[in-house]
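Remarks on the structure that follows.
We count ligands from 1, going down the list as the structure has it; atoms in each ligand are counted the same way. Only heavy atoms go into these numbers, but all of them, side chains included; no hydrogens, no water, no symmetry mates.
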Amino acid sequence: MTSLLVFSDLDGTLLDHHTYSFVPAQTALQSLKTFSIPCVINTSKTFHELLSLRKALDHQDPFIVENGSAVYIPKHLSLFIDEELEDCGDYWVKAFGSKRSTLIELTDSQKDNYTFKRFSDISCQELMTLTGLSEENATLAMQREFTEPMVWTDSNVALNQLREYLAPFGVQIQKGGRFSHLMGKHCDKANAMLWLTDLYASQSDEEITTMALGDGENDIGMLSEADIPVVIRSPVHAPPEVPNRIDAWLTDGYGPEGWSQAIDLVLSKQGII
Ligand SMILES: [Mg+2]
């Protein structure tokens, strides 16, 4: 017997790239609930950004925020945890990276050496202009815990110099589309997935099979470490390549439609439905 553990990206995967709707995935989500298969959200979003969405999804399972920076485990799940975790209200939290305040402090001392603007340097209005986010969403995006995005206006050479300066402190810079992100060296969607899988495995007699679903470059690590990697087709970019995984599936449908096709297929292949 094996039991299934699902890890899912949000934007462009469970949520439609354009409308953020998860309606096409609702039936498949319900099937996972029916068969008590955990569906772990693994996203670049923050804890505060996830609150209302988890409510809308009626999501009760663990979730991973800020690109693998921390795993939140709802206390009601009563998973036995054999290590000291942070106690955050309704959740136990396993953090993999530095706190955001540390990232800010570390880069404060470099403000005279390079030209950059971090979220902590700009107002909500400025963020709205930069990203097109609504005021509500910009406010949520600014409430971060483990990563600090910055607008980098210096050269690439300078960026690498700052990288070298930060490395001994266990801090890396990941370049994204609009922002460069300051984050802990070990923050990665794959790491967090593997840690949580080990936790489930430690209290199950059954072998765990992991299924990961994602559409973007930042999902590649998670996809390549999963037993069943599923690349969700995107309406706006080519599917990312998962190195050394010719067995990775590419869905026919886009976003939540593809998501739901993949879940249904795995449930039937595993003999669950
Ligand atoms: Mg995505």
Fill in: Point-to-point distance, once rounded to the nearest 0.5 Å, from CE of M183 to OG of S44
9.0 Å
Worksheet entry | Geometric class of the Y72/F47 ring pair [parallel <30°, tilted 30-60°, perpendicular >60°] | parallel
Discussion item. Parallel, tilted or perpendicular: which one describes the rings of F179 and H181, with boundaries at 30° and 60°?
Written reply: perpendicular
Worksheet item: Have E83 and W195 got a donor and an acceptor in their side chains that come within less than 3.5 Å?
Response: yes
Discussion item. Tell me whether D219 is salt-bridged to K189, with the criterion being a basic N under 4.0 Å from an acidic carboxylate O.
Written reply: yes
Practice prompt. Return the set of protein N, O or S atoms whose distance to the Mg ion (ligand 1) is under 2.8 Å, each given as residue and atom.
Written response: D9 OD2, D11 O, D215 OD1
Worksheet item: Are D9 and L213 close enough that some pair of their side-chain heavy atoms sits under 4.5 Å apart?
Response: no
